[in-house]
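Letters A, B, ... are given to chains in the order of the sequence lines, protein chains preceding strands, and every chain is numbered from 1. These numbers come from the heavy atoms of this one structure, side chains and all, not from hydrogens, waters or symmetry mates.
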Protein chains: 2
Amino acid sequence: MGRHREFDVGKVLDAALCVFWRKGYEGASYADLTAAAGVERPALYSAFGNKEALFRRALARYYELYLGYIPEALQLATAREVAAHILDSAIALNTRFPEHTGCMVINGVLAGSDDAEPVRQILIEARAVAETQLRERFERAKAEGDLPQTARPDALAAFLMAVLHGMAVQAKAGFSRDILKAVAEQALSAWPASEQRA
Amino acid sequence: MGRHREFDVGKVLDAALCVFWRKGYEGASYADLTAAAGVERPALYSAFGNKEALFRRALARYYELYLGYIPEALQLATAREVAAHILDSAIALNTRFPEHTGCMVINGVLAGSDDAEPVRQILIEARAVAETQLRERFERAKAEGDLPQTARPDALAAFLMAVLHGMAVQAKAGFSRDILKAVAEQALSAWPASEQRA
DNA sequence: GCGGTTTAATAACGGTCATTATGAAAAATA
DNA sequence: TATTTTTCATAATGACCGTTATTAAACCGC
């Protein structure tokens, strides 16, 4: 007996998921969460416990709703198909919702509160500057024949930056130097061969 | 005229840089900063302005002290040397200081406050699980001849995860789908060829 | 309809955040 | 030495954080 719950727990969880996806864990305040969910604070506490428990539930739902392509890919016939499918799916997911781009797992530690927005823009700009410098250097290399005419300097720059970002994340996660070197080696093995000058 | 400053502004800035490198922008409180710098709060405000200005100064010093390898690499003769030098240098920097690993620019939005540590561990674990799944799938592929015997499944998994992390960061920074696809294409072009079965 | 029980909304809690007012201490000029 | 100027340390500020009493409302079995 007792009073019935007046809100849909699933919908509230989905709303919280969107907020966490966009703002990360720290960046999402209860003011944000209650505004998105349309319920008051104590309702979230009674239904999910504290903030960390709510985040864990949202993370589980994220895997459930959006990361199904991982087990899906693991069943494909070849490793190349596995990788291609995961890459494609991740790109699709990362760009699917304009209001919460990227991956919730990464954004959970990437995004900050609104107060930190100017700082995040500084970092984004700093990242873009480095990539532009690389792209310009690769354009020069292409003009000099150091890279083939088929090479795409912007793609090479973006790719190199991606691997660098990824390795920074991995280093933070405790990776050893050796495995990071293996990652770098693998990345370099894709490098376009320089043209044989006539 | 007037009283002299009793602390070394450079040393205080270096101390603040270490705190920001480890905890990120939001994660670094004035309690952390003053403890590391050995000066009181108002000293930081009088010397640097507010927290954001202090972070900007620390970021500039980070580039000055630790990212000199980027312009250095840009002057090398070939694109491959540029990339190799940047990769090597980044790995060295990311693993140089045990107490603040990774890259300050990335960590600035990757690291959270101590309160968020359990959550960060959850995300790190979630990341490791996905990578393990990939590695196991690639080991199977190697056993099946889908990957050559020279292939390193752990390296391939780490590499793929690195590119995925990097693309998530880039998507957050506003990258278009097209450039992300170019990044994925470049990453796949390094994929080891399957063995020709006899 | 009534007692027991669960949920709902309001409002408050202590703690920490970045920031700063305040007044004492120290150095330079006169 | 007296005065001015700058830095120093203590401690307070208002705002926001996550969390929770408290009280009123809604539902159940009886």
What protein N or O atoms touch nucleotides 27-30 of chain D N or O atoms at under 3.5 angstrom, if any, and at what distances?
residue: D/dC27; atom: O3'; partner: A/His4; partner atom: NE2; Å: 2.7
residue: D/dC28; atom: OP1; partner: A/His4; partner atom: NE2; Å: 2.6

Contact under 4.0 Å: B/Tyr30 side-chain N or O vs C/dT19 OP1/OP2: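 Yes, within the criterion.
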
Contacts of type ring-ring contact (aromatic ring centres under 6.0 Å, His included), residue [X], not counting sequence neighbours:
X: B/Phe7; answer: none
X: A/His85; answer: none
X: B/Phe159; answer: none
X: B/Phe20; answer: B/Phe55

Proximity to DNA chain C (any heavy atom under 4.0 Å), residues of residues 45-62 of chain A only: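 Going residue by residue through residues 45-62 of chain A, none turns out to have a heavy atom under 4.0 Å of DNA chain C.
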
Sequence neighbours excluded, every pair satisfying salt bridge (Lys or Arg N to Asp or Glu O under 4.0 Å) that has a member inside residues 52-71 of chain A: A/Asp14-A/Arg61, A/Glu52-A/Arg56, A/Arg61-A/Glu64

B/Glu26/B/Lys23 salt bridge by N-O under 4.0 Å criterion: no

Rounded interatomic separation in angstrom, taking CZ from A/Phe7 and P from C/dT7: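 About 9 Å, once rounded to whole Å.
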
Between C/dC17 (C1') and B/Glu26 (CD): distance, integer Å: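 After rounding, the gap between these two atoms is 11 Å.
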
Mutual orientation of the aromatic rings belonging to A/Trp191 and A/Phe138 [parallel < 30°, tilted 30-60°, perpendicular > 60°]: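 Plane angle over 60°, so perpendicular.
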
Interface residues of residues 33-40 of chain B with DNA chain D (non-hydrogen, below 4.0 angstrom):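 Here the set is B/Glu40.
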
A/Arg5 vs B/Asp32, nearer the 5' end of DNA chain C by closest nucleotide: A/Arg5

Quick test of your reading: applying side chain to side chain donor-acceptor pair (under 3.5 Å), list the pairs with at least one residue in [range], sequence neighbours left out, ordered by first then second residue.
range: residues 152-170 of chain B; value: B/Arg152-B/Asp154
range: residues 173-184 of chain B; value: A/Thr95-B/Arg177
range: residues 126-137 of chain B; value: B/Arg127-B/Glu131, B/Arg135-B/Glu139

Please check this pair: side chain of [X] against backbone of [Y], looking for a donor-acceptor N/O pair closer than 3.5 Å.
X: A/Trp21; Y: A/Gly102; result: yes
X: A/Asp32; Y: A/Ala28; result: no
X: B/Lys51; Y: B/Tyr25; result: yes

Polar atoms only, N or O, under 3.5 Å: list the protein pairs with nucleotides 11-14 of chain D and their distances.
none

